[in-house]
Asker: 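I'd like to ask some things about the structure below.
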Number of protein chains: 2
Amino acid sequence: MANIRDLAKEAGVSVATVSRVLNGYPYVSEEKRKAVWEAVEKLNYTKNIQAVHLAKGKTRIVGVMLPYIHHPYFSAVIEGISKEALGCGYQLLLFQTNYEVKRELEALERLRMKQMDGLIVCSHEADWEVFAAYREDGPIVLCERAVGHDFFTVYIDHYQAFAQALRYLLDKGHRRIGYCIGRTTGPNSQARAAAYRDVLGSVGVIPQPQWIFDGCLFLEDGKRVIERWMDMKERPSALLVTSDQVAAGIVLHAQRVGVHIPEELAVIGFDNDPLAEMLGMTTVALPHLALGEKAFRLLHQWLETGNVPRTQEELPARLIVRMTG
Amino acid sequence: MANIRDLAKEAGVSVATVSRVLNGYPYVSEEKRKAVWEAVEKLNYTKNIQAVHLAKGKTRIVGVMLPYIHHPYFSAVIEGISKEALGCGYQLLLFQTNYEVKRELEALERLRMKQMDGLIVCSHEADWEVFAAYREDGPIVLCERAVGHDFFTVYIDHYQAFAQALRYLLDKGHRRIGYCIGRTTGPNSQARAAAYRDVLGSVGVIPQPQWIFDGCLFLEDGKRVIERWMDMKERPSALLVTSDQVAAGIVLHAQRVGVHIPEELAVIGFDNDPLAEMLGMTTVALPHLALGEKAFRLLHQWLETGNVPRTQEELPARLIVRMTG
DNA sequence: TTGTATGCGTTATCAC
DNA sequence: GTGATAACGCATACAA
């Protein structure tokens, strides 16, 4: 492949002039400009972006760390990020971690290696300290609340979201309230656990450990929940389900096996997935797309201006009452 | 940041030796090796990956071109790609195109610029010729059938999938058969249109143009389909729906408005989404994950061995009969 | 086993 | 306006 030295030779100018023309700088005579572009045509030249990255020390690439892609929550967040990035001329490098700390470290190392200009962490497993250790290696924006750490974060207020739904259920008279969650670790899950403790504690309800259903990520997990629920002696009368997919699985399987929703079991989902509207599910609407968009915008501002005030933006959730709870 | 020259100075060796140690080459004395690693520690050194890329002329990055991410079809394909890539130590650079030719060209240009070692095209809008023009610029694997072009492709045989479902409906006595599709352009859509023409033509059925519902991508589009269906004078008695999401929307909304499935309207979805199982939907199972995995494996083999025989792998689809059709 | 020198393809800084 | 030339940071062929 031809490089700018070849171009310079062909056009009878210096490499500096070639570079100026290629990057649209002023102060180049029209005739040389023309000669350069002709050489570009003739030699079928294309810029080598790796060399540009090395010379400039920047890539206009941002990394996106997330556990998995094929999941409505994360694919919505990444869509939001992607949409914004597209508009700003940035590219996205994907780091799928499966919540393995080892993989998270790999992504952070890539930031150190200057493979990307910044990193958006959608969700993670490793301790905050791990991320803090890479602070000097590039801008990092987190999509989870980081209490007691001065990271840049944009996050959905899951405590408030959970508390809101719990109070609604308490008001309706429910006392045996359980919940379904994707995993028990991680800031989002812990915020929800805290809300669960706090709100239920405030009315003197002591929740049973078996009312917490772990590992609920996909539609089919809802089936499992109903099955377990039916086997229980002391069944919860209501369930908070942190994913509308799982909630839909619960509602649909309940229908199949003759469990009446909401009479026997009230169900409140999260996300406000189109599925929730379609099934008439009560749900807490979460702004995933906006989360991704705002996360990118924050990182972008940071990258372009070099320094922005520390930001911790909280995105609100909104209970949408329909028929299942 | 420290570079290998600083390391060399610190360790009292040459940059070549530093490079050897860093990359684990043999024939370095234990004492120098130790000195280098100590220097690495002391100077808090990390390799600059951009420089590595430039020097090696490779990046171990593959691009993934796709219209949108937040869609069950594409997020499944990309999950398959990602899974394989992770295992091989490759990274994924995302190119979301929204089916805009301009964006597709941008991705191809990036391949020319050597930003990535190869490109996987999940779906595209531009003409084959556009892609053919970039053949020399790097390995490209397509996830759509390319008749009459010698691209490397791995694809789902949508003609066969469609034909299979159509014949099943014909056998059940249906004659007024329509279908719902995401878009009418693109190889996959055209393959389905061809199957529709051929199979229906083979039994002398002349399909009505209004039996084709375009722009069906998401759950909520199913609602629209039912509404339009109800407004029709001559309604189709069966619908092929190229996405289980849309099919679920149809089934659920039909239930709401009192349309009986499959008596009044038979519905066959595609994908075998968990939702299809849950709703008891007849569907054609499509191997999305496998598609992504195989596409990456093919590209990977191409990248590692330099030259592989031209491949056009066809992935089969399988009709799963349940209750809606 | 080790070091020197050169290449990778740009961008950026000067001097003219 | 233009052209040398030095970065950018690493890999590697060739010598020794």
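Note that these values count all heavy atoms, side chains included, but never hydrogens, waters or copies made by symmetry. Lettering of chains follows the sequences in order, A, B, ..., and the numbering in each one begins at 1.
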Asker: Determine: side-chain N/O of A/K47 to OP1/OP2 of C/dT11, distance under 4.0 Å, yes or no.
Answerer: yes
Asker: Please list residues of residues 32-40 of chain A whose heavy atoms come under 4.0 Å from any atom in DNA chain D, ordered by number; otherwise none.
Answerer: A/K32
Asker: Only counting residues at least two apart or in another chain, list the ones meeting salt bridge (charged side-chain N to carboxylate O under 4.0 Å, His left out) with A/R297.
Answerer: A/E84, A/E293
Asker: By nearest nucleotide on DNA chain C, pick out whichever of B/L54 and B/T17 is the more 5' one.
Answerer: B/T17
Asker: Restricting to non-hydrogen atoms, name the atom on A/A2 and the atom on A/Y45 that form the minimum distance, rounded to 0.1 Å.
Answerer: O-CD1, 3.4 Å
Asker: The criterion is side chain to side chain donor-acceptor pair (under 3.5 Å); which residues satisfy it with B/E314, sequence neighbours excluded?
Answerer: B/Y155
Asker: Using a heavy-atom cut-off of 4.0 Å to chain A, what are the terminal contacting nucleotides of DNA chain D, in 5' to 3' order?
Answerer: D/dG1 to D/dG9
Asker: Figure out the CD/C1' separation between A/Q50 and C/dT11, and round it to whole Å.
Answerer: 16 Å
Asker: Taking only residues two or more places apart in sequence, or in another chain, which ones meet A/R33 in a side chain to side chain donor-acceptor pair (under 3.5 Å)?
Answerer: none
Asker: Distance to the ring centre below 6.0 angstrom and angle to the axis at most 45 degrees; does that hold for A/R310 and A/F151?
Answerer: no
Asker: Please state how far atom NZ in B/K114 lies from atom C1' in C/dT10, giving the value in whole angstrom units.
Answerer: 15 Å
Asker: Run the salt bridge (charged side-chain N to carboxylate O under 4.0 Å, His left out) test against A/K114 and tell me which residues pass, sequence neighbours left out.
Answerer: none
Asker: Applying salt bridge (Lys or Arg N to Asp or Glu O under 4.0 Å), which residue pairs with at least one partner in residues 2-20 of chain A are found, sequence neighbours left out?
Answerer: A/E10-A/K42
Asker: Within this structure, what is the CG-to-P distance between A/D6 and C/dG7, rounded to whole angstrom?
Answerer: 13 Å
Asker: Just how large is the angle between the end axes of the helix from C/dT1-D/dA16 to C/dC16-D/dG1, five pairs per end, to 10 degrees?
Answerer: 40°
Asker: Without hydrogens or angle criteria, can the side chains of B/R110 and A/T46 be said to hold a donor-acceptor pair below 3.5 Å?
Answerer: no
Asker: Can you name the side-chain contact (heavy atoms from CB on, under 4.5 Å) partners of A/F218, sequence neighbours left out?
Answerer: A/H71, A/E220, A/D221
Asker: State which residues pass side chain to side chain donor-acceptor pair (under 3.5 Å) with B/T153; sequence neighbours excluded, sorted by chain then number.
Answerer: none
Asker: From CE of B/M113 over to P of C/dT10, roughly how many Å is that when rounded to an integer?
Answerer: 11 Å
Asker: Without hydrogens or angle criteria, can the side chains of B/S75 and A/H70 be said to hold a donor-acceptor pair below 3.5 Å?
Answerer: yes
Asker: Using the 3.5 Å cut-off, write out each protein N or O paired with an N or O of nucleotides 12-16 of chain C and the distance between them.
Answerer:
none

Asker: Roughly how many Å is it from CD in B/Q115 to C1' in C/dT10, rounded to a whole number?
Answerer: 15 Å
Asker: Who are the side chain to side chain donor-acceptor pair (under 3.5 Å) partners of A/H124, not counting sequence neighbours?
Answerer: A/E144
Asker: Look at the rings of B/F296 and B/Y90 and say which category their plane angle falls in: under 30° parallel, 30 to 60° tilted, over 60° perpendicular.
Answerer: perpendicular
Asker: Please report the distance, rounded to the nearest Å, between CD1 in A/I4 and C1' in C/dC8.
Answerer: 12 Å
Asker: Within the structure, does a side-chain N or O atom of A/N23 lie under 4.0 Å from either OP1 or OP2 of C/dT11?
Answerer: yes
Asker: With a 4.0 Å cut-off on N to O distance, would you call A/K34 and A/E38 a salt bridge?
Answerer: yes
Asker: Figure out the CD/P separation between B/E30 and C/dT2, and round it to whole Å.
Answerer: 10 Å
Asker: Which comes earlier along DNA chain D counting from the 5' end, the contact point of A/R5 or that of A/P26, where each point is its nearest nucleotide?
Answerer: A/P26
